[in-house]
Peer 1: 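A single structure is presented below for examination.
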Amino acid sequence: MARRAIAVLVMCVSAAGSAPGVPSRPSAVTGPTRCAETARAPIPGPPAVRASLSGARAEAAWARAPYPGVRVRAPYLGARARAPLPGVRAWAPYPGVPTASNGSGRVQAEEMLADLRARQARLPHPAGLSWTPVTVPVWAHVITAGSLGAPDDAVRAQVATLNAAYGGRYGGADTGIRFRLDGLTRVDDPVLFRDPLGRPETLERMRRGGQETLNLYVAQLGRLVLGYSTYPYWYAGDPAGDGVVLDWRTLPGGSLRNFGRGFTGVHEIGHWLGLLHTFENGCLPLGDTIDDTPSEGLPTQGCPVHKDTCAGDGADPVHNFMDYAHDRCMSGFTEGQATRMREMWTAYRQASPAEPGPGTSHRQAPPAGPGAETPRE
């Protein structure tokens, strides 16, 4: 999984420097921190840029070049004047981050939408218009290092949090998407626990199901990274790498201050279902490609009472799950985001009659290594 660009949420501390000037035009798609993957490779397939380093070296690399789907919590001093990590959720200000001034984010967003519409045109029925409930089968793979790691109850609490968030119970739109835990495996592997993104081939052997199955890997992502996600349009190019990786301390009741309510999982799975950050492309046109999310020049830090970084488009969506606010500040998705996720589901993830059903696998997954256990559920 770590071999391709990562959807990342990254934050930088104020000490890193002063924030860049805020553009005054409507927002666009590569804003600082969470989804830089779009600026690195064509949208329809997995990004060409791959993270070949691991551990501290990988963290240093992330500080130099962003990866999609990753969320970071420590001071991000090396990120000044750099583009954001795609798919990453950050903990602090992101000083010096350009707002897609070269227009690359807008190009990638346009390519994403073009690929989605082309797929919809090939479907027998209009995509994204049916509001029959969508149930996502989930396989959770918990990686531990002795006594360190997520208990089963925390995983079940994470799934319950997903159902509450996607059901609109925190205040946002009911997306019509629900999650069902079909299996839970546990592996005790101290090396994999501390560097899951550095051993993608091991995660790939653990994977279950097809494109409709959410494989959730729970480990410890080092000093900086909190979560990682792939995008639905990457699946065709790298099905074995599809999934979401979460730091176990971000699950409900986790020990990470301001990020222990399970909303990193909500955010990253939003990427897995096709959403971009609300601050994508800063204040440039197209933004996150969703009509009812106001443009946002910079990701949100903490939990501000009010924030408005783009003129003429309303206050920033600081409470949106796809921004970077602290967990206590996040409360929902918009109707437009709900529609987009369902469109992406129909076009990229909905199982066809030829696909294996929930809980099955394209190939038999061998034990992941010493201490591997069989699925518990």
Side-chain angles (χ1 to χ4, degrees), residues 6-17 19 31-35 59 62-63 66 69-77 79 84-85 87-95 97 148-151 153-155 157-162 164-166 169-172 216 218-229 244-271 275 277-279 296 298-307 309 315-333:
I6 306 168
V8 180
L9 166 60
V10 178
M11 288 189 170
C12 309
V13 294
S14 302
T33 311
R34 282 201 185 178
C35 281
E59 291 177 355
W62 284 329
V70 175
R71 182 181 181 185
V72 177
R73 71 187 181 98
Y76 208 65
L77 303 181
L85 306 186
V88 175
R89 181 176 178 187
W91 285 46
Y94 204 68
V97 175
L148 296 177
D153 285 350
V155 175
Q158 179 67 72
V159 174
T161 297
L162 294 177
Y166 284 81
R169 282 182 269 163
Y170 295 116
L216 189 63
V218 183
Q220 186 162 302
L221 292 174
R223 184 175 59 87
L224 297 178
V225 181
L226 298 179
Y228 159 86
S229 177
V244 170
V245 183
L246 297 178
D247 191 298
W248 67 287
R249 297 165 296 181
T250 70
L251 272 56
S255 62
L256 291 179
R257 184 180 180 185
N258 299 318
F259 299 95
R261 297 189 181 189
F263 291 168
T264 291
V266 174
H267 174 100
E268 297 301 344
I269 291 164
H271 289 307
L275 295 183
H277 294 129
T278 53
F279 52 79
E296 188 174 18
L298 292 171
T300 298
Q301 173 195 4
C303 189
V305 174
H306 179 77
K307 175 170 167 269
T309 54
D316 291 1
V318 298
H319 302 297
N320 195 282
F321 284 125
M322 301 313 293
D323 198 353
Y324 276 7
H326 287 172
D327 279 10
R328 71 178 185 277
C329 197
M330 292 181 161
S331 60
F333 296 106

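Since we're looking at a predicted model, the values are computed, not measured. Hydrogens, waters and symmetry mates are skipped; everything else that's a heavy atom, side chains included, is used.
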Peer 1: Minimum heavy-atom separation for Gly262 and Asp327, please, with both atom names.
Peer 2: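 Closest pair (atom of Gly262, atom of Asp327, distance): N-OD2, 3.7 Å.
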Peer 1: With a 4.5 Å cut-off on side-chain heavy atoms, are Tyr170 and Thr161 touching?
Peer 2: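 With C-beta onward as the side chain, the pair touches.
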Peer 1: How many angstroms lie between CG in Leu221 and OG1 in Thr250, if you round to the nearest 0.5 Å?
Peer 2: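 Reported value, rounded in 0.5 Å steps: 8.0 Å.
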Peer 1: Taking atom CZ of Arg328 and atom NE2 of His319, what is their separation to the nearest 0.5 Å?
Peer 2: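 Output value for this atom pair is 11.0 Å.
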Peer 1: Which distance, rounded to the nearest 0.5 Å, do you find between the CG of Leu162 and the CD of Glu268?
Peer 2: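 Output value for this atom pair is 11.5 Å.
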Peer 1: Should the ring pair Phe333 and Phe321 be called parallel, tilted or perpendicular, given that the plane angle runs from 0 to 90° and is split at 30 and 60?
Peer 2: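 Tilted, since the angle between the ring planes falls between 30° and 60°.
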Peer 1: Enter the distance from Leu246:CG to Leu251:CG here, rounded to the nearest 0.5 Å.
Peer 2: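 Between atom CG of Leu246 and atom CG of Leu251 there are 6.5 Å.
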Peer 1: Given side chains that start at C-beta, do those of Ser229 and Ile269 come closer than 4.5 Å, heavy atoms only?
Peer 2: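 Ser229 does not reach Ile269 side chain to side chain.
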Peer 1: According to side-chain contact (heavy atoms from CB on, under 4.5 Å), who are the partners of Pro304, at least two apart in sequence or on a separate chain?
Peer 2: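 Applying side-chain contact (heavy atoms from CB on, under 4.5 Å) to Pro304 gives Thr300, Lys307, Val318.
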Peer 1: Can any side-chain N or O of Asn320 pair as donor or acceptor with the backbone N or O of Met322 at less than 3.5 Å?
Peer 2: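 Checked: pair present.
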Peer 1: Indicate the atoms forming the closest heavy-atom contact of Gln220 with Trp248, along with that distance.
Peer 2: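 Heavy atoms only, the tightest pair is OE1-NE1, 2.9 Å.
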Peer 1: So, taking the atom named NE2 in His326 and the one named CZ in Arg257, what distance separates them when rounded to the nearest 0.5 Å?
Peer 2: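 If I round to the nearest 0.5 Å, the distance is 8.5 Å.
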Peer 1: Can you name the residues that form a side-chain contact (heavy atoms from CB on, under 4.5 Å) with Ala315, not counting sequence neighbours?
Peer 2: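 Counting only residues at least two positions away or on another chain, Ala315 forms a side-chain contact (heavy atoms from CB on, under 4.5 Å) with His306.
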Peer 1: Specify the closest pair of heavy atoms between Gly270 and Tyr166, including all atoms of both residues, with the distance to one decimal.
Peer 2: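 So the two residues come closest at N-OH, 3.0 Å.
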Peer 1: Testing the basics here: between Pro317 and Asp323, what is the closest heavy-atom pair and its distance to 0.1 Å?
Peer 2: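 For Pro317 and Asp323, the tightest heavy-atom pair comes out as O-OD2, 3.6 Å.
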Peer 1: Within the distance-only criterion (no hydrogens, no angle test), does the side chain of Asp316 pair as donor or acceptor with the backbone N or O of Thr309 below 3.5 angstrom?
Peer 2: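 Yes, the answer is positive, given that a donor and an acceptor are paired below the 3.5 Å cut-off.
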Peer 1: Measuring from Arg261:CZ to Cys329:SG, what's the distance to the nearest 0.5 Å?
Peer 2: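 Here the rounded value is 10.0 Å.
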Peer 1: What are the two closest non-hydrogen atoms of Gln158 and Pro252, and how far apart are they?
Peer 2: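 Distance-wise, the nearest heavy atoms are OE1-CD, 3.6 Å.
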